[in-house]
Asker: 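Sharing a structure below in structure tokens format, with a few things to ask.
Values below: all heavy atoms of this structure, side chains included; hydrogens, waters and symmetry mates excluded.
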Amino acid sequence: MSLERRSVLIPLVSGNNGPGPVITVEAGNEAPPPHPAELDPALSNLHDYGLYKAGQTAQGSLSRLALKPSVLSLAQRLRPSVRNSFLTITNAPEVGRLEPGNSRSAELGLALALLMHAGQGPDTRVIATGCLLPETISTDGKSPDVAVGPVGGIKGKIAALMRSLETAECRPLPERIKFFLPDRTLDGGSNLSAHAKDLEDLASAYREKGFVLEVEVVKSLREAAEKLGISTLAMSPRDRFYTSVAGLLLVAFLSAGLFWYWLVRPIQLRFTTIAIADGTDVLSPVRARYDVKQAQFRLEKSCIGEQGLPVYREGDSLVFRAHAATASAIGEGLIQSHFVLVTVSEESGIKVFPPETMAGARTPTRTKKAATDRGEEFDVALPISGPKEKNKLIVIARRLQAFDPDKLRQKLDKISTGRPKNERINIVVAHLTNRYPGYLDYSFLSTTGDLPCDGQ
């Protein structure tokens, strides 16, 4: 697929300034065969008609205009050479080799053919006569521009257009067609005023054939571009492909970045309160015993032992409620969080509990969820059965991938094997602390005998 072809009708005069041929110049993406003289492929088809130099002027003028690529364009911005417009005279048998004077008046038309093809504006065919001046100017004080110079033989060129309209040489024509010519005559007068009658007759002739002719006098190439509705270079199919691929890659990159952000973003874990039978809120974890007859936990008095750590007796349960905060309901709705419970003890070693433990096996008598907190809450009742030792309870959390308790325990066993028992807790804590986005721990003592606070 290529950019749509664009064409320009360029009227010429004969040797006596009478009506001459009307050249049809098309701009497209199809490159001609290599020229024996190794000419520029974009202009080589103009050589045999004496228009190669005029084509170079048109090409250079368009380059000086410095139109920017489309905002979405990618390849054009990195490699301007991805765009190629090739000029071809399509009514070649009717056109001989032009004299230099005639060829200069084709410069504006050749430039407009290149411009229309590169910009892909709404006009598919226009009429033009005029030369292009070599100096770069600026009509608005900031943008580079190229002046359109006056040419002679306007009356004969209008007559050539009239004749081609009657003979249908330049058909098909669009319903509305623009006729570009310099605003000034060779002696400095107004072309509109000097040729008002001829231009009106030409417009009438077009109306009789069912077409609307719009006469556009211009001082510069940029003004012509504005009248054609062209302000940027259109994307070529190749550029559109590269831009689409780059866009898809960008979307994939941003999606991956967003996904990674939600994956590794910290999961805020904290212990929360639980409500006991009398309605009092107590911050968990708490010591409890399960009452079989009542089928519920009975909270026991807290007991603080050595180093200010809470003490749990064999047969007790460590009951807690944990809250995993959700900063964004949208993000967390897309990516599920997974939790696992780990205990590490100086004597008993390491235990990793299955995920269903975090669903809350038996919950305290009554629970009350804070309505203002967004996130997940879960209740855990952990039976105490170990010997007298120091323990660490750890809750870890991550998104997307569920934990494999066996693999995690094997990993923790491996990093702690051969190390002193009194270092085991610190080793496991150091390993887990920064490895997962969610981490929460609780230190406590266990005992098989009496509690330090018994009898108090």
Asker: Go through the structure and list residues passing side chain to side chain donor-acceptor pair (under 3.5 Å) with Ser164, not counting sequence neighbours.
Answerer: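 By the side chain to side chain donor-acceptor pair (under 3.5 Å) rule, Ser164 matches no residue at all.
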Asker: Restricting to pairs with a member in residues 134-179, which pass ring pair (Phe, Tyr, Trp, His ring centres under 6.0 Å), not counting sequence neighbours?
Answerer: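 Every candidate ring pair (Phe, Tyr, Trp, His ring centres under 6.0 Å) pair involving residues 134-179 fails, so no pair, neighbours aside, qualifies.
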Asker: Not counting sequence neighbours, which residues clear salt bridge (charged side-chain N to carboxylate O under 4.0 Å, His left out) with Glu346? List them please.
Answerer: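 None.
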Asker: By the ring pair (Phe, Tyr, Trp, His ring centres under 6.0 Å) test, which pairs, at least two apart or in different chains, include something from residues 135-160?
Answerer: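 Counting only pairs at least two positions apart or across chains, no ring pair (Phe, Tyr, Trp, His ring centres under 6.0 Å) contact touches residues 135-160.
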Asker: Mind checking side chain to side chain donor-acceptor pair (under 3.5 Å) for Lys197 and listing every partner two or more places apart, or none if nothing turns up?
Answerer: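 Lys197 satisfies side chain to side chain donor-acceptor pair (under 3.5 Å) with Asp201 once adjacent residues are dropped.
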Asker: Among all residues two or more places apart in sequence or in another chain, which pass the side chain to side chain donor-acceptor pair (under 3.5 Å) test with Ser61?
Answerer: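 Once residues adjacent in sequence are excluded, Ser61 has no partner under the side chain to side chain donor-acceptor pair (under 3.5 Å) criterion.
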Asker: Not counting sequence neighbours, which residues clear ring pair (Phe, Tyr, Trp, His ring centres under 6.0 Å) with His431? List them please.
Answerer: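 For His431 there are no ring pair (Phe, Tyr, Trp, His ring centres under 6.0 Å) partners, ignoring immediate neighbours.
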Asker: List for me each residue that meets side-chain contact (heavy atoms from CB on, under 4.5 Å) alongside Val429, sequence neighbours excluded, and say none if there are none.
Answerer: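 With neighbours one apart ignored, the set is Lys392, Ile394, Ile425, Thr433, Tyr439.
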Asker: Kindly state each residue pair satisfying ring pair (Phe, Tyr, Trp, His ring centres under 6.0 Å) with at least one member in residues 141-172, sequence neighbours excluded.
Answerer: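 Matches after skipping sequence neighbours: none remain.
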Asker: Quick one: do Lys178 and Glu216 make a salt bridge, cutoff under 4.0 Å?
Answerer: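 No salt bridge links Lys178 with Glu216.
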Asker: Tell me every residue that passes salt bridge (charged side-chain N to carboxylate O under 4.0 Å, His left out) with Asp183, counting only those two or more places apart in sequence or in another chain.
Answerer: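 Result, salt bridge (charged side-chain N to carboxylate O under 4.0 Å, His left out) vs Asp183: none returned.
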Asker: Please name all residues satisfying side chain to side chain donor-acceptor pair (under 3.5 Å) with Ser231, sequence neighbours left out, ordered by chain then number.
Answerer: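 For Ser231, no residue satisfies side chain to side chain donor-acceptor pair (under 3.5 Å) once neighbours in sequence are set aside.
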Asker: So, Phe339 versus Phe378, ring centres under 6.0 angstrom or not?
Answerer: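 Centroid separation for Phe339 and Phe378: below 6.0 Å.
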Asker: Determine which pairs satisfy ring pair (Phe, Tyr, Trp, His ring centres under 6.0 Å) with at least one residue from residues 397-416, sequence neighbours left out, and list them in order.
Answerer: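 Sorted pair list: Phe403-Tyr436.
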